[in-house]
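Have a look at the structure below before the remarks.
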Amino acid sequence: PAPWTHENIAQMRRQYDLMGAMIDWSREFATCAPEFYRWNQWIFLQMLERGLAYRAAGAVWWCPNDQTVLANEQVLEGNICERCGADVYKRDLEQWYFRITQYADELLDGLDHLDWPDRVKTMQRNWIGRSHGARLRFSLDTGEALEVFTTRPDTVFGATFMVMAPEHPLVRQITTDAQRETVEAYIDHTRRETEIERQSTDESRPKTGVFTGAYAVNPVNDERIPIWIADYVLMGYGTGAIMAVPAHDERDFAFARAFDLPVRIVIQPDGDETLDPVTMTHAYVGPGRMVNSGRFDGTPVPESISTLIAWLDEQGRGSAETTYRLRDWLISRQRYWGTPIPVVYCDACGLVPVSEDQLPVVLPLDAQFTPTGQSPLVSHEAFLHTTCPTCGGPARRETDTMDTFVDSSWYWYRYTSPHEEGAPFDVETAKQWTPVDLYCGGIEHAILHLLYARFFTKVLRDIGLVDHDEPFTRLRNQGMILSTEGVKMSKSRGTQIGPDSLVEQYGADALRLHLMFLGPWEQGGPWNDRGITGMERFIRRAFQLVSETGTSHREGDGDTHGIGELRSLAHRTIKRVTDDLDKFQFNTMIAALIEFTNELMRLKDGPLARTTAWTEAMETLTLLMAPSTPYAAEEMWSRLGKPYSVHQQTWPTYIEELAAVRTVEIPVQVNGKVRGKLAVEAGAAEGDVLALARNNPKVVEHLAGKTIVREVFVPNRLVNFVAK
RNA sequence: GCCGGAGUGGCGAAAUGGCAGACGCAGCGGACUCAAAAUCCGCCGGGGAAACCCGUGGGAGUUCGAAUCUCCCCUUCGGCACCA
């Protein structure tokens, strides 16, 4: 992996340069270098010390192809490995975890203040899956309690049975002898199903389950209700057991109908409709009033939820509780190529962290890494055997490596001081640069990388290394350019198109323009080189314009006809490009540049081409083109007598030049309502009222009492007035 | 099933509630050329000789005015999916 990785890095660095990307290579580093991953290990040790990293046994996802465990986030729909696409299943193993659940509330609430696409925020909210409700204790004949979590404590009077997950630890204890055989058979059945393939977990799947023979007592009405086990109750969520209220929960209803269990209405909807437990075909989950609930009859739903929580709490029969779908992040991998987890196992002292001054624990470069189901490092004797940092006796190193997502969870801080040797990064420098103002990436990072990165930022904050809560203030997702056939580009399927041949054929500028002009940046779509000739034509026309007229004789502006329109056009183009650039609307930004060029081409042989305003227009065009066509702009700029180089690391002065030109924004009113702001070039004053109209008598009427100050020139020939 | 996008010419797509189709591609006509390419000029949603009429997935509505806002459908793409 080492030489392969470095070859790839060199290849990609070359391609970035080829494409004209302006990157400060002096800050480059590789996450697979010990100088970087030693700080993964250092952060791990800080987390271990704070109880944020821990080792635990449990059911974990296993990929039989990669021969390693995976995090929940890396298992895709249909139980597929995120990396290789193989079917994965659960195994009981002891592994390392990061306690991301400790930050669940903060990870959820923090989303509200981020300028991120709603789609991404929604996905994170769903993934964290916070539910507010109550924990209730149902007592068992054995004297113990069966705890359940519910979001609807107001339906507790309608609980007619209970259901436990088959894996629930109390199941065997409460099962009666008469039912034991049936229960064991069912547990066996569900376990096998889980391990092989539990694909269709949708609600339409028929409910299965068996009676345990045991009963529990409802804490609010002392009713004895039967306890069942069923695989629709998941051990991994809530307490692994539920109170079933068939009248008001769709799944419980389906189960009750399947096994002929009683249905009791405890909420009646407002209005004429009255629920009948015998004839109803669906659970009722809407609003209404509580019934059959003793002293709570008549309480309006859904306000009833908080009423019941308060009462249960006061009576000591339950308490408010919040649960999450989010699980802790499983970080151990049985892979070779990753950061070694810096702990050792000593026969005398047990698990001992490697001390900070012994970092990094270096990954050997000569291991056999073919997957065997065991960590490859187990068979590397020189790595495996070490001495215990505490007692000095013989010890074995941890041979699992860290999930590679650990590397990407804090790397941007390292960019601020990439060669720092005494810490992950220089704290003061990082404070100046971070949080990241704008972060771009694909939607595939919506949960995995972006959730882990947010978690790490909060951990680093608590360690005292950063002073903010969120790593990325603004996030935008680029669309993916697909292959010509509309599928993801892939090397193995031969659908990949690399930049080398395209740059050779069309040049980097035309390729860049074409990619941005294909459609909205956030949308993506199939690759297609049909329109690229249009971009070549545009670049050539712009270049021709500047070289032919850029330095010709000037006679000042005088009263040359059309001088106002020329200035206005330039200013409007600046406005459009600036706004579009800000909003990531590169396709319309380029359209504006093409329009500007086309108009200048029409004027270039006339008297305007000898004015000072024309020189300014040439400079404007060149500056505006610089971000999208760096090479052409470099040439054009030098024709105008202001040379710079694309690959020099300072951005050209055009940013300052752009900032010098400003348009005035004034409020637009239509029918007395403010409809937003319209940018007009200098002239209209703030406070002027601009009415926007067509040749529409109704609208013109509204302007009747007002004084028309002046007409405003706008490109689309609408009739516009500035009125007071 | 739930949540969220999207649906506009031959194609990629534009459009604060205000001339639908900017810009580009393709196509058609012309200039230049022995010819072709390149370039330049013009046309380019549908119907109609024209005035004009019809057009933004379908149907209602709000509005002087709707691709845009509201409601109901259809199609499609994502995400979640027995989470109590």
Side-chain angles (χ1 to χ4, degrees), chain A residues 76-77 117-131 133-134 136 148-153 155 159 162-163 165 198 200-208 230-245 248-252 254-255 323-327 443 446-447 513-514 517-520 522-523 525-538 540-541 544 576 585 587-598 601-602 668 670-671 673-679 692-702 715-720:
Chain A
L76 306 182
E77 190 180 346
D118 286 336
R119 180 165 61 140
V120 175
K121 294 205 263 188
T122 305
M123 282 165 75
Q124 293 217 354
R125 285 194 188 101
N126 290 342
W127 186 262
I128 297 166
R130 179 167 65 193
S131 296
L136 299 177
V148 301
F149 171 76
T150 178
T151 53
R152 292 299 303 276
T155 63
M162 308 203 60
V163 188
R198 212 160 138 188
S200 83
T201 49
D202 63 286
E203 277 175 80
S204 59
R205 185 162 171 254
K207 295 279 184 287
T208 62
D231 66 358
Y232 83 90
V233 174
L234 310 172
M235 193 58 226
Y237 186 78
T239 64
I242 61 157
M243 63 172 200
V245 184
H248 306 292
D249 181 279
E250 205 55 63
R251 297 148 303 180
D252 297 345
F255 194 80
T323 61
Y324 304 87
R325 212 186 79 109
L326 181 70
R327 302 266 78 93
I443 187 67
I447 295 172
L513 276 181
H514 180 61
F517 190 68
L518 263 175
E522 295 189 297
Q523 182 180 297
W527 166 255
N528 169 2
D529 61 5
R530 270 209 316 266
I532 201 165
T533 50
M535 296 303 112
E536 292 179 301
R537 285 200 266 257
F538 158 59
R540 195 170 24 70
R541 284 158 63 88
Q544 184 192 339
R576 283 173 70 185
Q585 291 167 356
N587 55 337
T588 52
M589 178 193 83
I590 293 165
L593 289 170
I594 295 173
E595 283 177 60
F596 189 35
T597 306
N598 289 349
M601 282 296 276
R602 276 190 280 277
V668 176
V670 179
N671 295 357
K673 282 191 214 160
V674 175
R675 296 295 182 136
K677 289 186 170 180
L678 183 71
L692 183 62
R694 285 175 52 196
N695 287 330
N696 182 321
K698 270 275 184 187
V699 179
V700 173
E701 205 176 288
H702 282 284
N716 54 8
R717 285 177 306 176
L718 286 171
V719 183
N720 295 295

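What you see is a predicted model; the values in this text were computed from it and never measured. Below, read A as the first sequence line, B as the second, and so on, with proteins coming before strands; counting in each chain starts at 1.
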> By ring pair (Phe, Tyr, Trp, His ring centres under 6.0 Å), which residues pair with A:H248, not counting sequence neighbours?
Replying inline: none
>> With a 4.0 Å limit, can you tell me whether A:Q523 has a side-chain N or O closer than that to the phosphate oxygens OP1/OP2 of B:A13?
In response: yes
> Out of B:C82, B:A38, B:G78, which nucleotide sits closest to the side chain of A:R119?
Replying inline: B:G78
> How would nucleotides 21-31 of chain B be written as a contact map, 5' to 3', with B for base contact, S for sugar-phosphate-only contact and - for no contact, using protein heavy atoms under 4.0 Å?
Replying inline: -BBSSS-----
>> Taking only the P atom of each, what is the distance from B:U63 to B:A13 in whole angstrom?
In response: 35 Å
>> If I take atom OH in residue A:Y237 and atom P in nucleotide B:A81, what distance separates them, rounded to the nearest angstrom?
In response: 12 Å
> Expressed as a whole number of Å, how far does the C1' atom of B:G7 sit from that of B:G58?
Replying inline: 12 Å
>> What is the distance, to the nearest angstrom, from the CG atom on A:D529 to the P atom on B:G12?
In response: 15 Å
>> I'd like to check the ring pair (Phe, Tyr, Trp, His ring centres under 6.0 Å) partners of A:F255; sequence neighbours left out, ordered by chain and number.
In response: A:F161, A:W228, A:Y232, A:F259
> P atom, B:G27 versus B:C32: distance in rounded Å?
Replying inline: 22 Å
> Going by heavy atoms in the side chains, are A:I128 and A:R325 under 4.5 Å from each other?
Replying inline: no
>> For Watson-Crick and G-U wobble pairs within 3.5 Å on both distances, what is RNA chain B written in dot-bracket notation, | included for inter-strand pairing?
In response: (((((((..(((.....[....))).(((((.......))))).(((....)))..(((((..]....))))))))))))....
> What is the distance from CE of A:M123 to C1' of B:A81, rounded to the nearest Å?
Replying inline: 14 Å
> Within a strict 4.5 Å, meaning less than it, do heavy atoms of the A:Y237 and A:F149 side chains meet?
Replying inline: yes
> Rounded to the Å, how far apart are A:M235 CE and B:A84 C1'?
Replying inline: 13 Å
> With rounding to whole Å, what would you report as the distance between B:C54 and B:A60 at their P atoms?
Replying inline: 15 Å
> Do A:V120 and A:I443 have side-chain heavy atoms sitting under 4.5 Å apart?
Replying inline: yes
>> Counting C-beta onward and ignoring hydrogens, is there a side-chain heavy-atom pair between A:M243 and A:D252 closer than 4.5 Å?
In response: no
> Could you give the CE-to-P distance, from A:M243 to B:A84, as a whole number of Å?
Replying inline: 12 Å
>> I want to confirm an ordering. Mapping A:I447 and A:D118 to their closest nucleotides on RNA chain B, which one lands closer to the 5' end?
In response: A:D118
> Using the purine O4'-C1'-N9-C4 or pyrimidine O4'-C1'-N1-C2 torsion, is B:G57 syn (within 90° of 0) or anti?
Replying inline: anti
> For the side chain of A:R325, counting heavy atoms from C-beta on, which of B:G12, B:A84, B:A81 is nearest?
Replying inline: B:A81
> Would you find a donor on one side and an acceptor on the other, under 3.5 Å apart, between the side chain of A:D529 and the backbone of A:I532?
Replying inline: no
> Excluding sequence neighbours, so at least two apart, what forms salt bridge (Lys or Arg N to Asp or Glu O under 4.0 Å) with A:R327?
Replying inline: none
>> Taking the P atom in each of B:C23 and B:C19, what is the distance between them to the nearest angstrom?
In response: 16 Å
> Does a side-chain N or O from A:R125 land closer than 4.0 Å to OP1 or OP2 of B:G79, or not?
Replying inline: no
> Among all residues two or more places apart in sequence or in another chain, which pass the side chain to side chain donor-acceptor pair (under 3.5 Å) test with A:R530?
Replying inline: none
>> Taking B:G55 as the reference, what is the distance to B:G1 when you measure between their P atoms (whole Å, please)?
In response: 33 Å
>> Taking 4.0 Å as the cut-off, does a side-chain nitrogen or oxygen of A:T122 come that near to OP1 or OP2 on B:C80?
In response: no
>> Tell me the interatomic distance from A:N126, atom CG, to B:C2, atom C1', rounded to whole angstroms.
In response: 10 Å
> Expressed in whole Å, how much space separates the C1' atoms belonging to B:U16 and B:A22?
Replying inline: 16 Å
>> Say we look at B:G61 and B:C44: how far apart would their C1' atoms be, to the nearest angstrom?
In response: 36 Å
> Within this structure, what is the CD-to-C1' distance between A:Q544 and B:A38, rounded to whole angstrom?
Replying inline: 12 Å
> Should A:I242 and A:T150 count as side-chain neighbours, where that means a heavy-atom distance under 4.5 Å?
Replying inline: no
>> Quick check: on RNA chain B, is the nucleotide nearest A:W127 upstream (toward 5') of the one nearest A:D249, or the reverse? Name the residue that is more 5'.
In response: A:W127
>> Over all strands shown, is A:R541 touching base, sugar-phosphate only, or nothing at heavy-atom distances under 4.0 angstrom?
In response: sugar-phosphate
>> Please report the distance, rounded to the nearest Å, between CZ in A:F538 and P in B:U39.
In response: 15 Å
> For A:E595, which of A:R576, A:R541, A:R602 qualifies under salt bridge (charged side-chain N to carboxylate O under 4.0 Å, His left out)?
Replying inline: A:R576
> Taking the side chain of A:L518 as its heavy atoms from C-beta onward, which of B:A84, B:A38, B:G12 lies nearest to it?
Replying inline: B:G12
